[in-house]
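Here the structure is laid out as structure tokens; the discussion comes afterwards.
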Amino acid sequence: QVQLVESGGGLVQAGSSLRLSCAASGRTFSSYAMGWFRQSPRKEREFVAFTSPAGETTDYADSVKGRFTISKDNAKNTMYLQMNSLKPEDTDIYYCAVQIRSGSGVSDYAYWGQGTQVTVSS
């Protein structure tokens, strides 16, 4: 069983940066491909970013390409999402999860954390 805990969210102004962290329990973190998703009320949870187990392959939603960077520190059992040039439309609850099968859909991931709120003011 894997437990994930997100942190690092907050209230920032447009153009600012934040770094989210996703801390994992368990001894096999280095073998996990993982991802970040986000969701706000009345919206479906949407894919944000993906990393392969060792970080050699990453993928991003078009809306965050060039602004967000996903990374994974297997020695610390932690995944990160560096978010730069934040926009008000980035306001959401951000979740991390483990990929259980190929794909970028919600059903392709499991072991969701509780989420961390990111609010970007204009």
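- In this structure, I70 and M79 have side chains that are in contact, with non-hydrogen atoms separated by less than 4.5 Å.
- Geometrically, R45 engages Y95 in a cation-pi contact defined by less than 6.0 Å to the ring centre and at most 45° from the axis.
- Side chain of E46 to backbone of Q39: no donor-acceptor contact under 3.5 angstrom is found.
- How far OG1 of T57 is from CZ of F50: 6.5 Å, rounded to the nearest 0.5 Å.
- Between W112 and F37, the ring centre distance stays below 6.0 Å.
- Here the side chains of V12 and L86 are in contact, with some heavy-atom distance below 4.5 Å.
- Here the side chain of W36 pairs a donor or acceptor atom with the backbone of Y80 at under 3.5 angstrom.
- Taking SG from C96 and CG from L81, the interatomic distance works out to 10.0 Å, rounded to the nearest 0.5 Å.
- Screening residues 100-114 for salt bridge (Lys or Arg N to Asp or Glu O under 4.0 Å), with sequence neighbours left out, gives R101-D108.
- Atom-to-atom distance recorded for Q13:CD and S121:OG is 5.0 Å, nearest 0.5 angstrom.
- Across all non-hydrogen atoms, the minimal contact from S31 to P53 is O-CG, 3.6 Å.
- F47 and F68 fall into different hydrophobic clusters, where Ile, Leu, Val, Met, Phe, Trp and Tyr side chains are chained together by heavy-atom contacts under 4.5 Å.
- The only option from Q3, M34, Q1 that meets the side chain to side chain contact (heavy atoms under 4.5 Å, CB included) definition with Y111 turns out to be Q1.
- You'll find the side chain of D62 stays beyond 4.5 Å of the side chain of Y60, heavy atoms only.
- Judged by distance alone, with hydrogens and angles left aside, the side-chain atoms of T91 form a donor-acceptor pair with the main-chain N or O of V120 at under 3.5 Å.
- Cluster membership for L20 and V2, using ILVMFWY side-chain heavy atoms within less than 4.5 angstrom, is shared.
- Hydrophobic clustering of Ile, Leu, Val, Met, Phe, Trp and Tyr side chains at less than 4.5 Å, counting indirect connections, unites Y94 with V98.
- Remark: side-chain polar atoms of R38 are not paired, donor with acceptor, to backbone N or O of D92 under 3.5 angstrom.
- Residues satisfying the side chain to side chain contact (heavy atoms under 4.5 Å, CB included) criterion with S102, sequence neighbours excluded, are absent altogether.
- In this structure, the side chain of T116 does not engage the main chain of S7 through any donor-acceptor pair within 3.5 Å.
- The shortest non-hydrogen separation linking T78 to K76 is OG1-O, 2.8 Å.
- A distance-only check finds a donor-acceptor pair linking the side chain of K72 to the backbone of Y32 [under 3.5 Å].
- Between the CG atom in L18 and the CE atom in M83 there is a gap of 4.5 Å [rounded to 0.5 Å].
- Proximity of a side-chain donor or acceptor of Q82 to a complementary backbone N or O of R19 within less than 3.5 Å is not detected.
- Atom CZ of F29 sits about 8.0 Å away from atom CG of L4, to the nearest 0.5 Å.
- Within the 3.5 Å criterion, the main-chain N or O of G66 finds no donor-acceptor partner in the side chain of N84.
- Smallest separation of non-hydrogen atoms from A110 and A97: O-CB, 3.5 Å.
- A salt bridge is absent between K87 and D90; no separation between the charged side-chain nitrogens and carboxylate oxygens falls under 4.0 Å.
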